[in-house]
Amino acid sequence: MSDESRRDDNASGERRRRAGGSTRAVHSGERDHQSTNAVTTPIYQTSTFWFENSAELRALQEGRGNRDEYGRYSNPTWRAVERKLCELEGAEEAVLFASGMCAATTLFFALLPKGSHLVITSDCYRRTRQFIDQYLVKLDVETTEIEPAENNQLENALRDNTSLFFTESPTNPFLRVTDVEEATKIAHARGVKVVIDSTFSTPLCHRPLERGADYVIHSATKYLGGHNDLLAGVVLGSADAIKPIREAVGMLGGIIDPHSAYLLLRGLKTLALRMEKHNQNGLQVARWLENHAAVKSVCYPGLESHPDFAIASRVMQGCGGVVTFDVEADFDGTCRFVDACRIPYIAASLGGVESLIEMPALISYWDLKPEQRAELGIPDSLVRLSCGIEDADDLIADLEQALESI
Ligand SMILES: *Cc1c(COP(=O)(O)O)cnc(C)c1O
């Protein structure tokens, strides 16, 4: 709409009335939606989408026409991100969320009938397990925990009312890698759907949908965004599989905002370059740590010492930047080591260009008693390092000087 109000535009013959300052402030320049040939996708910072006339709205209600209606259902900026993620992951459809947790919880709400059964792994993002214990019980959903990457345990855990098998691959923090093809065969034989949280690998290192999984989810906060500057999540799968997820997010409302969607779109353009560096840095740092006297053990699927080295070598193209290791120290000694690191920030999260370091006992598992942590296999001396895209030599030199502080 230009400077005149629309009604006056249509008034024939009469001298056009000039709209007031308030009307002009709201409407001027806004309805010119011509294509601009901008190289980057605009941030459609809008909560709703207008209709030319009632017939256009009616057409949408009758299932004719394919356009945006309201900001909780779709947005063109999200759509660009969803298409890009589909192409990367080999999926037909994708749904974006406000966070990785929102992607997981919405998926559970959408797919688990009351009184159904869920199989998850013991090594698993802490909040996912808490959601299961605190909220899914209200739907009388029962859960069986199995060891990660142990498909024989999966077979035994399945029941007649099992709906889903949910696992990270690689898992957090021990980086266990599931043989998705085998797990899917076992699950599908019993009519059970398979969901892989692929946050730690990204579609450039592992594509579970191509190996038969029904759903892939990511915390896009991590590698996909890649710059430690946004929170987002995504669920991907076939068009049929995604339909109930899209309906659920429209109701539960955990959508990504257009600005974060734009940041994610921008971050994704350099995913391949970043992953190459994360993969190299992760492997180099893991190999170096493994030979250091002050390091008890190192978990990295690209090391021959890792229990899933064989499957990781077969199905993954690079194992990412996260290295989990156990140092020869008590709690305080481990803190001294972490504090002495100069390059990585002490922070939760992973997958960004900046290296981050954390002690699981001090971050995700702090509320547990030491005995409970021990039961979960989380020693006080465990450290999780997310290698960023700095120079590997600098990271190694930094770790070397910091390990002297133990
Ligand atoms: C971070 C993370 C989540 C949660 O994602 P948010 O974006 O922080 O909500 C879920 N699963 C894994 C494996 C994660 O690393």
Side-chain angles (χ1 to χ4, degrees), residues 71-75 77-86 88-112 118 120-121 124-132 134-136 139 141 163-172 180 193-203 206-209 213-226 230-261 263-265 267-268 271 348-351 364:
R72 195 170 356 91
Y73 305 133
S74 65
N75 174 294
T77 313
W78 308 352
R79 208 156 30 245
V81 186
E82 289 173 352
R83 286 326 310 163
K84 201 185 285 288
L85 286 168
C86 282
L88 285 166
E89 197 71 74
E92 284 176 354
E93 289 288 338
V95 183
L96 287 174
F97 292 87
S99 67
M101 272 316 292
C102 196
T105 54
T106 305
L107 176 136
F108 284 136
F109 273 135
L111 299 183
L112 288 171
L118 165 72
I120 61 158
T121 53
C124 170
Y125 191 70
R126 186 87 199 290
R127 291 287 182 191
T128 307
R129 203 200 323 241
Q130 287 172 338
F131 172 76
I132 290 165
Q134 290 174 33
Y135 293 91
L136 288 185
L139 289 171
V141 171
S163 294
L164 290 182
F165 170 50
F166 179 95
T167 183
E168 295 163 9
S169 186
T171 59
N172 177 33
V180 173
K193 294 212 156 64
V194 174
V195 185
I196 305 293
D197 181 338
S198 205
T199 300
F200 275 58
S201 57
T202 82
H206 190 209
R207 280 178 300 286
L209 294 176
D214 299 281
Y215 294 93
V216 162
I217 82 169
H218 290 276
S219 166
T221 311
K222 315 294 168 55
Y223 290 111
L224 301 183
L230 65 89
L231 283 125
V234 63
V235 176
L236 302 113
S238 69
D240 279 347
I242 290 300
K243 224 169 158 196
I245 311 291
R246 178 91 59 198
E247 274 172 27
V249 69
M251 222 175 295
L252 295 172
I255 52 159
I256 189 170
D257 71 278
H259 188 250
S260 291
L263 289 175
L264 179 52
L265 191 64
L268 281 168
L271 181 64
S349 200
L350 62 109
S364 309

Looking at [atom1] of [X] and [atom2] of [Y], how far apart are the two atoms once the value is rounded to the nearest 0.5 Å?
| X | Y | atom1 | atom2 | answer |
| --- | --- | --- | --- | --- |
| F166 | K193 | CZ | NZ | 16.0 Å |
| S364 | Q130 | OG | CD | 9.5 Å |
| L224 | S198 | CG | OG | 9.0 Å |
| L264 | T221 | CG | OG1 | 9.0 Å |
| L252 | R72 | CG | CZ | 10.0 Å |
| L164 | D214 | CG | CG | 8.5 Å |

Any [X] side-chain heavy atom under 4.5 Å of [Y] side chain:
| X | Y | result |
| --- | --- | --- |
| H218 | P203 | yes |
| I196 | I217 | no |
| L96 | L85 | yes |
| L118 | F165 | no |
| Y215 | V194 | no |
| Y223 | T199 | no |
| F131 | L136 | yes |
| H206 | V180 | yes |

Q) Does a donor on one side chain and an acceptor on the other come within less than 3.5 Å for N75 and T77? A) yes
Search all heavy atoms of [X] against all heavy atoms of [Y] and return the closest pair with its distance.
| X | Y | value |
| --- | --- | --- |
| W78 | A261 | CD1-CB, 4.0 Å |
| L230 | G225 | CD2-CA, 4.1 Å |
| L236 | A91 | CB-CB, 3.8 Å |
| S169 | S201 | O-OG, 3.6 Å |
| L268 | K84 | CB-CD, 3.7 Å |

(Q) Between S238 and A241 (side chain of the first, backbone of the second, donor and acceptor by atom type, cut-off under 3.5 Å), is there such a pair? (A) yes
Q: Spell out, as yes or no, whether a donor-acceptor pair under 3.5 Å connects the side chain of E168 to the backbone of F200.
A: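 No.
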Would you tabulate the side-chain donor-acceptor contacts of residues 103-112 under 3.5 Å, counting partners in other chains and residues two or more places apart, or write 'none'?
residue: T105; atom: OG1; partner: M101; partner atom: O; Å: 2.9
residue: T105; atom: OG1; partner: C102; partner atom: O; Å: 3.3
residue: T106; atom: OG1; partner: C102; partner atom: O; Å: 2.7

Q.
Quick one, V95 with V234, criterion side-chain contact (heavy atoms from CB on, under 4.5 Å). Give me CA distance, side-chain angles, the key distance, then yes/no.
A. CA-CA 6 Å; V95 183; V234 63; 5.9 Å; no
(Q) Can you pull out every salt bridge (Lys or Arg N to Asp or Glu O under 4.0 Å) where at least one residue sits in residues 89-109? Sequence neighbours excluded, please. (A) E93-R246
